[in-house]
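The structure appears below as structure tokens.
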Amino acid sequence: MLENMEELNHEDVIKEFNLLTKDAERVQVETLRRILEENGNTEYLNSFGLNGRTDPASFKAFVPLSTHKDLEPYIQRIADGDASPVLTGKPITAISLSSGTTQGKPKFLPFNDELVKSTMQIFQTSYAFRNREFPLKNGKALQFIYGSKQFKTKGGLPASTATTNVYRCSQFKNTMQSMQSQCCSPDEVIFGPSFDQSLYCHLLCGVIYREEIQVVSSTFAHSIIHAFRTFEQIWEELCTDIEEGVLSSRVTSQSVRNAMSKILKPDPELADLIRKKCKGLNDWRGAIPVIFPNVKYVYGILTGSMEPYLKKLRHYAGTLPLVCADYGSSEGWIGANVNPKLPPEYATFAVLPDIGYFEFIPLRENQEDQKPEKTAATLLYRELEPVGLTEVKVGEEYEIIVTSFAGLYRYRLGDVVKVMGFYNSTPELQFVCRRSLILTVNIDKNTEKDLQLSVEAASKLLVNESIEVVDFTSNVDVSSEPGHYVIFWELSGEAKEDVITECCNCLDRSFIDAGYVGSRKINAIGALELRIVRKGTFQKILQHYLNHGAAFSQFKTPRFVGPSNGGVLNILTDNVVKSYFSTAFS
């Protein structure tokens, strides 16, 4: 798309998107043809006997559905230096690492120039629709983005998180500039060796350029909250730096100090203004528009596992709109937010029909009279044959299957989405949950979304105490019979015993899955346990991931901690201050 223009013409981008989505079925057929023509001679596709066929019917008939486990040996060979066309006709230029917060270790995924192109296309498309609703002038963005450490695979390919691979591309900076969303921090801060030092400098740059900041953003909602929780603690130090024009000694990286010295100059007037603004805030409510008066909106991924953070984000954002970023994953992009005025809870994403070939498995939950297959890995649904992009129905739920230009073929993404409507002929999707089943002991089946709803219901009981749930996760304890759910909460303050006891009962009652309720009634599942952990426990979990090479910009708190994630489980267990058992089914 329009990559090298001085300023993006959003009406031209919307016009192009309208053309793309007018006949999404035709675009999908053409996109699949391009993918298969480019990659038809690869070892993976050749093994299924496609023999040059590029039509959807043949593709579906010959090539099976796949998961990361199926592709992992091929990706590993590429990472180890196999330069033959294993998965793609064109070379894989880098390896992307998934966040690793689900399984405890990141997955290797192929990354190439096509993914860069689709990333810029998604960014430009959603920006065009955002700019129509919230016009930006020429300014800067306070972006809490962080590059992760890059290493070389055995075969010499650079490996890093998907976000870092994008940030390192020249197209990213050009695109941000054309979208009037250039990061106010220098590259040395983004790619700094220390997350804490980078965050400090992001905040300092933001305050220095406060009049020019038009957008506050990060990859995930919790990153913005973490930044402003940090701001609450360090604002006086930031003001001293600005007043004296000397960077705090807490920043030890010489490259970061050199870059900041070009920006930081003595400005006692600004320092006094920020002191006055901070002292005038009531519990930091509305801090973002007070400190950054020209911000138009706050932007990031706000759906799915980020929804629990919305209340705190609104606390900092005041009356500013919260705008959802686009829908994608480490594997690639799916859709753009073309309805930016929708609140995050109702956000939808229009699929771009030319960035990949998409199929959708219709999902129907097993009925009571059906004999369910018991599995701890997959939510129980009757699985039907996949349908095409334009064959989905409004109101129905589906699992997404992706075929990309980067070597993923009929790849099960594991996301459950609901079709909310159509933009021209392409569907608008709402993210529902990951299909993985995170909590199961017996015949019960509860997803991340079920856990989130349960925590939301129980946390309402804390409102009168002026206490909030800082973060949460879960575990299944099967060390004794019967097994039971364990929920870990970190609280912002100390609540009364009877209130926490009722929270525990409410958590238990709020899991309304029939298998769970029935099993609890006959004691086939034990009483739910709520474990309160020390303040700072989830910060220790974050640090654990950062110490193991994760990037903060890609970090998500794992909502379920299983045996494969022993390090995190140990942190949680070591920091429990008190446990409560539900009496809801006694």
Revision key, fill the gap. For W333 and S118 the tightest heavy-atom approach is CD1-OG, 4.0 Å
Review point. Passes side-chain contact (heavy atoms from CB on, under 4.5 Å), V298 versus S217? Steps please.
Key: CA-CA 6 Å; V298 177; S217 72; over 6 Å; no
Practice item. Sort and list the pairs that fulfil salt bridge (charged side-chain N to carboxylate O under 4.0 Å, His left out) and have at least one residue in residues 401-411, not counting sequence neighbours. Key: E359-R410
Practice item. Would you indicate whether the side-chain heavy atoms of E397 and V432 approach each other to under 4.5 Å? Key: yes
**Study point:** Separation of L507 CG from E456 CD (nearest 0.5 Å)
**Key:** 11.5 Å
Check your understanding: Mind checking whether Y327 and F431 have parallel, tilted or perpendicular rings, split at 30° and 60°?
Key -> perpendicular
Check your understanding: Counting only N and O atoms by type, is there a donor-acceptor contact under 3.5 Å from the side chain of N337 to the main-chain atoms of N339?
Key -> yes
Practice item. Could you tell me which residues satisfy salt bridge (Lys or Arg N to Asp or Glu O under 4.0 Å) with K60, sequence neighbours excluded, listed by chain and number? Key: none
Exercise for review: Would you check, one step at a time, whether the test side-chain contact (heavy atoms from CB on, under 4.5 Å) holds for Y411 with I401?
Suggested key: CA-CA 5 Å; Y411 182 91; I401 301 167; 5.6 Å; no
Practice item. Working to the nearest 0.5 Å, report the span between CD1 of I400 and CG of L429. Key: 5.5 Å
Point to revise | Within 6.0 angstrom of I512 CD1, more than 12 heavy atoms from elsewhere | key: no
Check your understanding: What's the verdict on side-chain contact (heavy atoms from CB on, under 4.5 Å) for L19 and E16, showing C-alpha distance, side-chain angles and the deciding distance?
Key -> CA-CA 5 Å; L19 281 173; E16 188 174 340; 5.6 Å; no
**Study point:** Y357 (side chain) donor-acceptor with I35 (main chain) under 3.5 angstrom
**Key:** no
Check your understanding: Excluding sequence neighbours, so at least two apart, what forms salt bridge (Lys or Arg N to Asp or Glu O under 4.0 Å) with D70?
Key -> none
Review point. Should F360 and P386 count as side-chain neighbours, where that means a heavy-atom distance under 4.5 Å?
Key: no
Point to revise | Partner residues of L569 under the side-chain contact (heavy atoms from CB on, under 4.5 Å) criterion, sequence neighbours left out | key: N475, V561, T573
Check your understanding: Distance from H484 atom NE2 to L439 atom CG, nearest 0.5 Å?
Key -> 11.5 Å
Review point. Does a side-chain heavy-atom distance below 4.5 Å link L542 with T557?
Key: no
Exercise for review: Among residues two or more places apart or on two chains, list those pairs meeting salt bridge (charged side-chain N to carboxylate O under 4.0 Å, His left out) that have a residue in residues 330-354.
Suggested key: K107-E331, E133-K341, R314-E345
Check your understanding: Nearest heavy-atom pair of I78 and L157: which atoms, and what distance?
Key -> O-CD1, 3.7 Å
Point to revise | Q430 side chain vs V417 backbone, donor-acceptor pair below 3.5 Å | key: no
Point to revise | For D80, salt bridge (Lys or Arg N to Asp or Glu O under 4.0 Å) partners two or more places apart | key: none
Point to revise | CG-CD distance between L45 and E38, expressed to the nearest 0.5 angstrom | key: 12.0 Å
**Study point:** Test item: D513 side-chain N/O and K445 main-chain N/O as donor-acceptor pair under 3.5 Å
**Key:** yes
Check your understanding: Heavy-atom distance under 4.5 Å between the side chains of T426 and T390, does that happen here?
Key -> no
**Study point:** Which residues share a ring-ring contact (aromatic ring centres under 6.0 Å, His included) with Y516, sequence neighbours left out
**Key:** Y485, F511
Check your understanding: For the residue pair L115 and G332, what are the closest heavy atoms and their distance?
Key -> CD2-CA, 4.1 Å
Point to revise | Any donor-acceptor N/O pair, T348 side chain to E428 backbone, under 3.5 Å | key: no
Check your understanding: Hey, does V441 have a side-chain heavy atom less than 4.5 Å from the side chain of D477?
Key -> no
Point to revise | Distance under 6.0 Å and angle within 45° of ring axis: R130 vs Y299 | key: yes
Review point. How many angstroms lie between CD1 in I361 and CG in L65, if you round to the nearest 0.5 Å?
Key: 5.5 Å
Review point. Does the side chain of D326 come under 3.5 Å of the side chain of S126 through a donor N or O and an acceptor N or O?
Key: yes
Check your understanding: Would you find a donor on one side and an acceptor on the other, under 3.5 Å apart, between the side chain of N39 and the backbone of T42?
Key -> no
Point to revise | Listed partners of R34 passing salt bridge (Lys or Arg N to Asp or Glu O under 4.0 Å), at least two apart | key: none
Check your understanding: Side-chain contact, heavy-atom cut-off 4.5 Å: Q76 with F108?
Key -> yes
Review point. So, the side chain of R53 versus the backbone of L50: is there a donor-acceptor pair under 3.5 Å, distance only?
Key: yes
Revision key, fill the gap. Scanning both residues in full, the closest heavy-atom pair of S519 with G515 reads OG-O, 2.7 Å
Review point. Just wondering, do V29 and P56 contact through their side chains at under 4.5 Å, heavy atoms?
Key: yes
Practice item. Take M306 and Y309, measure what side-chain contact (heavy atoms from CB on, under 4.5 Å) needs, and give me the verdict at the end. Key: CA-CA 6 Å; M306 293 299 116; Y309 303 108; 3.9 Å; yes
Point to revise | Closest non-hydrogen atom pair between G567 and H544, with its separation | key: CA-CE1, 4.0 Å
Point to revise | S218 side-chain N/O to F144 backbone N/O, donor-acceptor pair under 3.5 Å | key: yes
Check your understanding: Any salt bridge between E72 and R77, counting N to O under 4.0 Å?
Key -> no
Study note, to complete from the structure: Residues passing the side-chain contact (heavy atoms from CB on, under 4.5 Å) test with N18, sequence neighbours excluded, are I14, K22, Y423, N424
Check your understanding: Would you call R33 and E30 a salt bridge, using N to O less than 4.0 angstrom?
Key -> yes
Distance-only check: which donor-acceptor pairs under 3.5 Å involve side-chain atoms of residues 85-93, not counting sequence neighbours?
unit_1: T88; atom_1: OG1; unit_2: K90; atom_2: O; d: 2.6
unit_1: T93; atom_1: OG1; unit_2: F111; atom_2: O; d: 3.3

Review point. Which residue pairs pass the ring pair (Phe, Tyr, Trp, His ring centres under 6.0 Å) test when at least one of the two sits in residues 41-70, sequence neighbours left out?
Key: Y44-F48, Y44-Y74, Y44-Y409
**Study point:** Backbone N/O of A128 and side chain of N131: donor-acceptor pair under 3.5 Å
**Key:** no
Check your understanding: How many angstroms lie between OG1 in T54 and CG in L36, if you round to the nearest 0.5 Å?
Key -> 6.5 Å
Practice item. Could you tell me whether D471 and R559 have a side-chain N and a carboxylate O separated by less than 4.0 Å? Key: yes
Point to revise | Pairing residues for A61 by the side-chain contact (heavy atoms from CB on, under 4.5 Å) criterion, not counting sequence neighbours | key: none
Exercise for review: Count the heavy atoms belonging to other residues, nucleotides or ligands that lie under 6.0 Å from CD of E25, then report whether that count exceeds 12.
Suggested key: no
Study note, to complete from the structure: Between T303 and A347 the two heavy atoms that sit nearest each other are CG2-CB, 4.1 Å
Review point. Can you check whether C506's main-chain N or O pairs, donor with acceptor, with S510's side chain at less than 3.5 Å?
Key: yes
Review point. Are any non-hydrogen side-chain atoms of K117 and Q121 less than 4.5 angstrom apart?
Key: no
